[in-house]
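Below is one structure; the comments refer to it alone.
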Amino acid sequence: MKKKIQFSLVYRDMWQSSGKFQPRKDQLERIAPVIIEMGCFARVETNGGAFEQVNLLAGENPNDAVRAFCKPFNEAGIKTHMLDRGLNALRMYPVPDDVRQLMYKVKHAQGVDIPRIFCGLNDVRNIIPSIKWAAEAGMTPQATLCITSSPIHTVDYYSDIADKLIAAGAPEICLKDMAGIGQPAMLGALTKRIKEKHPDVIIQYHGHSGPGLSMASILEVCNNGADIIDTAIEPLSWGKVHPDIISVQSMLKNEGFDVPDINMNAYMHARSLTQEFIDEWLGYFINPANKHMSSLLLGCGLPGGMMGSMMSDLGGIHSIINKQRMAKGQPELSIDDMLVKLFDEVAYVWPRVGYPPLVTPFSQYVKNIALMNLLTIEQGKGRFVMMDDSMWGMILGKSGNVPGEIAPELIELAKKQKREFTNDDPHTLIPNALDGFRKEMADNGWDCGKDDEELFELAMHPEQYRNYKSGQAKKNFLADLQKAKDAKLGAQLTPEQLAAFKHAKADAVIAPEAGHLYWQFTGDGECSRTLEPFIGKEYKDGDTFCHIQTKWGEIIPVPAALGGKVVEIVAKQGKQIRRGDTIAWIERENKE
């Protein structure tokens, strides 16, 4: 018999790759004992990444949820692990050193054993400090290689990074194949190289199933020395998520590996509970497209979990581009035409911005550059004319060094705009911030919490934590949930019922995320006041009313409620707005 292979259940990532929210604390408490009863998991991913931020957005304290979910696994001897974005920690933008260092003390106290530390650029400067801080806090730091497929992402490239991370004290390496486009042969060769040089280092493989390569990749890495494989369970396995534990266990058992048995009664119970959570409310936020695999992802290399937001963004500029084409006497493009164009544009942009691995937040930046290029090319303005500071920050080196060369045209454009490239260690550019947040806690009379965990939440997610404490987050969440339920109900009604349903509903245009408001894109980041909707302007149901550009650069189209006439405009062009703010009011005809 071949070596022993262990399995990890990525319960956090199952939800994050499927939809917007996650199970509540009480639901996590219910399913944890059932996961343990399955008997096949040595590890469970319990938290991390943007996942804990989602708790706050839903009006729930993530500290309580993490402690409650980790406790039964701790007692059963099952290791818990979390996703850690290195320089960005649990959010989409950089985090000060003192906040990052506190995170490991808090998470260790809450019962988390292993932080999976990655940098979207594979810049070791963003990972090595976290290895040190995690070890000092009593955790087991797992350093991560973000896997992608390009001319420069070779076995030599990755093994060199692994050598540096292991030398810095990492006892484990994760191969994070976040888009599932890592080629199986390369992954097998990389695993073998690391194991030959560092036989005592544990290697864990994490591969999404979107493009269809993940099962072959699992077999290759296991045959070359991998120790632990990330898996999922129905009804959230496959699609853009991860391979199912049943299939992975069967394949490896047939190959002769020593793998644990699965308690199928417990598996079916966990499956049933997960479906119950979906049916109760979480399913309203799951994008149906994320249930499907797509070979198209191999060409663009984008993570499958981005498909939902990408299609939403694409829809936002679809009508704008078609209006441009109609004005020029050109045929309109279908959404499929646009999707192919977007994938082609990503393939054009990606090497020119230095082949950053397409993982959060850099996948969003590359996608957004490509998306804006489609618009500005149609407008006759060329490429790279609508890039915000976040996109430029990636190119200029403020988030770390991109692995490839920046195209000369972008170097020249940076000079023209008086932007400077930097080789500075990114974390040295961010001042410490805990003292200021501690003062805010004191000024508000807020308790810093057990092990300073409440202080940490404020420092890590300031805006969301303040909304959580004020109760606004819960109100926003309930409004989001009602809107999602209404949309589903509306889709089930007859045209006559739907008309009556719409007339009975409120008509506020609500900001779905925080960011800057733009009425239309003009290519220069500014819009004239004449573009602002006028009182009395009419919109149809489904029209885009405006756009929000988030702090991480994502462009989010905002629909015009259920259509009608504009009666009041609350927000102004370029204004920084919060999630849940009212942008405008639309009055529908025949409203009772």
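Quick caveat, the model's predicted, so the values are computed rather than measured. We're numbering straight along the sequence, starting at 1.
Counting only distance, with no hydrogens or angles, the side chain of Q573 and the backbone of W519 share a donor-acceptor pair below 3.5 Å. A donor-acceptor pair is defined here as one N or O able to donate and one able to accept, closer than 3.5 Å; no such pair exists between the side chain of S209 and the backbone of G212.
Ion pairing between K475 and D480 fails under the 4.0 Å rule for side-chain N and carboxylate O.
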Self-check item: Pair D581-K575, salt bridge (charged side-chain N to carboxylate O under 4.0 Å, His left out): steps then yes or no
Solution: CA-CA 11 Å; D581 282 355; K575 179 183 177 183; 5.6 Å; no

Quiz item: Could you go step by step and tell me if T274 and I233 meet the side-chain contact (heavy atoms from CB on, under 4.5 Å) rule?
Solution: CA-CA 9 Å; T274 301; I233 59 172; 4.2 Å; yes

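In this model, no donor atom of one side chain and acceptor atom of the other lie less than 3.5 Å apart for Q27 and Q22. Judged by distance alone, the side chains of Q16 and R12 do bring a donor and an acceptor atom under 3.5 Å apart. Of the N and O atoms on the side chains of S334 and D337, at least one donor lies less than 3.5 Å from an acceptor on the other residue. Defined by atom type and a distance below 3.5 Å, a donor-acceptor pair is missing between the side-chain atoms of N368 and Q364.
Between Y355 and H153, the ring planes are perpendicular. Angles over 60° get that label, and only those under 30° would be called parallel.
For an aromatic pair to be called close, the ring centres must be under 6.0 Å apart, and F477 with W281 satisfies this.
Residue pairs meeting the salt bridge (charged side-chain N to carboxylate O under 4.0 Å, His left out) criterion with at least one partner in residues 393-416, sequence neighbours excluded, are R352-E409.
The CG atom of L145 sits 8.0 Å away from atom SG of C174, with the distance rounded to the nearest 0.5 Å.
The 12-atom threshold is exceeded at NZ of K328, counting heavy atoms of other residues, nucleotides or ligands nearer than 6.0 Å. Around CZ of R578, the count of heavy atoms belonging to other residues, nucleotides or ligands within 6.0 Å does not exceed 12.
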